[in-house]
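Worksheet for the structure shown next.
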Amino acid sequence: MFSPSLDPVKVGETISYFRKQKGLSQEVLSGLADIGRSHLSAIERGERKPTLETLYKICTAMDVKMSTVILKLEENL
């Protein structure tokens with residue numbers, strides 16, 4: 001049976017890519033997104049998958065459209 005799922009490592013790598021492009025540390029981004037730094041770190045390492053709400057907060061804090069992040073993620077899958 002086909003069971004599609006997102007690779008959490010690819011999700012984290014994509015978020016990390018945009019964070020670094022913006023020149024933001026995890027500490028700064030997590031503060032801007034109002035999430036814990038350890039939570040952001042776990043997302044970037046692929047240990048946790050962000051909810052849509054958390055992804056939206058992260059994207060908004062980086063001033064990147066969520067659709068841009070999703071398109072980059074799809075390229076990496």
Side-chain angles (χ1 to χ4, degrees):
M1 182 167 102
F2 179 63
S3 179
S5 66
L6 282 174
D7 179 349
V9 173
K10 295 291 185 188
V11 173
E13 288 173 351
T14 304
I15 291 169
S16 177
Y17 167 82
F18 282 101
R19 177 180 60 78
K20 290 173 183 173
Q21 289 285 65
K22 292 290 185 170
L24 299 169
S25 67
Q26 286 183 343
E27 188 73 32
V28 169
L29 178 56
S30 63
L32 291 172
D34 195 29
I35 62 173
R37 194 208 52 80
S38 60
H39 186 186
L40 177 60
S41 179
I43 290 169
E44 287 192 1
R45 289 192 311 272
E47 294 173 2
R48 297 181 79 172
K49 284 195 260 187
T51 63
L52 278 176
E53 181 72 25
T54 299
L55 181 59
Y56 180 74
K57 286 179 172 184
I58 291 168
C59 292
T60 301
M62 293 190 295
D63 195 29
V64 175
K65 286 184 175 181
M66 202 159 87
S67 59
T68 302
V69 174
I70 297 298
L71 287 171
K72 182 71 172 171
L73 174 58
E74 287 179 327
E75 286 177 18
N76 293 334
L77 289 176

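Scanning all heavy atoms of the two residues, the minimum distance from Met62 to Lys22 falls at O-CE, 3.0 Å. What you find for Lys57 and Ile35 is that their closest heavy atoms are CD-CG2, 4.3 Å. The two residues Arg19 and Leu24 come nearest to each other via the heavy atoms NH1-O, 2.8 Å.
Here CD of Gln26 is found 5.0 Å from CG of Leu40. Values are rounded to the nearest 0.5 Å. The line from CZ of Phe18 to CG of Leu29 is 12.5 Å long, rounded to the nearest 0.5 Å. If you take CZ on Arg48 and OG on Ser38, they are separated by 8.0 Å, rounding to the nearest 0.5 Å. The line from OG1 of Thr68 to CG of Leu73 is 12.5 Å long, rounded to the nearest 0.5 Å.
Side-chain contact between Ile43 and Leu55 is absent, with no heavy atoms from C-beta onward closer than 4.5 Å. In this structure, the side chains of Leu52 and Met66 come closer than 4.5 Å at one or more pairs of heavy atoms. Using a 4.5 Å heavy-atom cutoff, the side chains of Pro50 and Ile15 are in contact.
Side-chain atoms of Ser41 never come within 3.5 Å of backbone atoms of Arg37 as a donor-acceptor pair (strictly under, hydrogens ignored). Put simply, the side chain of Ser16 never gets that close to the backbone of Gly12: no donor and acceptor are under 3.5 Å apart.
Within a 6.0 Å sphere centred on CD of Glu27, other residues, nucleotides and ligands contribute 12 heavy atoms or fewer. The local environment of CG in Leu77 is crowded, with over 12 non-hydrogen atoms from other residues, nucleotides or ligands closer than 6.0 Å.
Note: the hydrophobic cluster containing Val64 does not contain Leu71 (ILVMFWY, side chain heavy atoms under 4.5 Å, direct or indirect links).
The cationic atom of Lys72 (NZ for Lys, CZ for Arg) lies less than 6.0 Å from the six-membered ring centre of Tyr17 and within 45° of the ring axis.
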